[in-house]
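Note sheet for the following structure.
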Amino acid sequence: MDADIALVLGLVLLVSAVVGGLFALPRRTVTVVAGLSAVLLLLAFMFGRGFYEAASSVSLFSDPLDEYGALGTAIPFIAGIACGVCAFLYLRHKKAGVKLLGHLLAGAIPGAVWLVSTVLAQIGVEVLLNVGLNQVAPLDEAFLALSFQWQYNGSMTALFAGALCAVFAYGFLLPKPAKAQSKDARKS
């Protein structure tokens, strides 16, 4: 049984390494660096969430029993907006000339990382529970299913909010290029 569990953990780490290596594929690394800096902000949000949840009995990001109501739903949206702003500010600071698609990608990376890590965690947990423990209580299985559902909802909310915020910031906050003069004005 220990070899099976080690195999599952090794496969999860292998897939994580492959997914991490995919970040090196884009030609313009500034977009990926902006997205990964926003991931650091998301991790800071999650660390703060864990610190807050340890100090109180309120869950902010993943509350499968909905003990806190709307705040548990709003926090991933706020985190996504903050990640989108962070990615936009990084790209603006670097003045790399990244276009709309680059801003969209950079804003979406934090939510995508959260989504992929949730998928990997669920696969790992399901396989480990099936390999190592055959006696999981039905309530524990239901709690895990609800918890992963909240993680999926939160990650997709952060993904879309971050991407949308970065695109809006690109459209509204970057200076517009000067319009070309009309042909009539050039001739005279």
Side-chain angles (χ1 to χ4, degrees), residues 4-23 32 34-88 104-167:
D4 293 336
I5 292 173
L7 176 66
V8 169
L9 290 176
L11 289 175
V12 167
L13 289 174
L14 175 68
V15 171
S16 298
V18 168
V19 169
L22 291 175
F23 284 120
V32 175
L36 292 178
S37 66
V39 169
L40 291 176
L41 180 64
L42 181 65
L43 291 175
F45 263 96
M46 290 195 173
F47 177 77
R49 170 207 60 167
F51 189 73
Y52 180 76
E53 287 178 5
S56 68
S57 62
V58 176
S59 177
L60 296 180
F61 273 79
S62 59
D63 190 359
L65 300 179
D66 200 24
E67 296 170 3
Y68 206 68
L71 190 58
T73 305
I75 292 296
F77 181 73
I78 294 168
I81 288 175
C83 290
V85 168
C86 175
F88 169 77
L104 178 75
L105 177 66
I109 284 177
V113 166
W114 187 4
L115 181 64
V116 168
S117 64
T118 300
V119 169
L120 289 175
Q122 184 173 16
I123 291 170
V125 165
E126 294 290 330
V127 171
L128 281 177
L129 288 178
N130 288 335
V131 169
L133 301 171
N134 292 329
Q135 301 171 348
V136 179
L139 282 177
D140 289 336
E141 288 180 10
F143 184 80
L144 278 174
L146 285 172
S147 179
F148 279 119
Q149 184 61 43
W150 271 87
Q151 289 295 330
Y152 285 128
N153 291 343
S155 64
M156 287 187 281
T157 301
L159 186 147
F160 289 114
L164 192 66
C165 181
V167 167

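Of all heavy-atom pairs between A34 and A106, the closest is CB-CB, 4.0 Å. The minimum heavy-atom distance linking A82 with F45 is given by the pair CB-CE1, 3.7 Å. Here the shortest heavy-atom pairing between L41 and C86 reads CD2-CB, 3.8 Å. Contact record, I109 with V32: CD1-CA, 4.1 Å, taken as the closest heavy-atom pair. Residues A38 and P110 approach most closely at CB-CG, 3.4 Å, considering heavy atoms. When all heavy atoms of I81 and A161 are compared, the pair lying nearest together is N-CB, 4.1 Å.
In this structure, F77 places its CZ atom where only 12 or fewer heavy-atom neighbours from other residues, nucleotides or ligands lie under 6.0 Å away.
To the nearest 0.5 angstrom, L120 atom CG is 10.5 Å from L14 atom CG. Taken to the nearest 0.5 Å, the CG atom of L159 stands 14.0 Å off from the OH atom of Y152. The line from CG of L42 to CG of L36 is 11.5 Å long, rounded to the nearest 0.5 Å. C83 SG to I78 CD1: the interatomic distance, rounded to the nearest 0.5 Å, is 12.0 Å.
With a 4.5 Å cut-off on side-chain heavy atoms, V167 and F88 do not count as touching.
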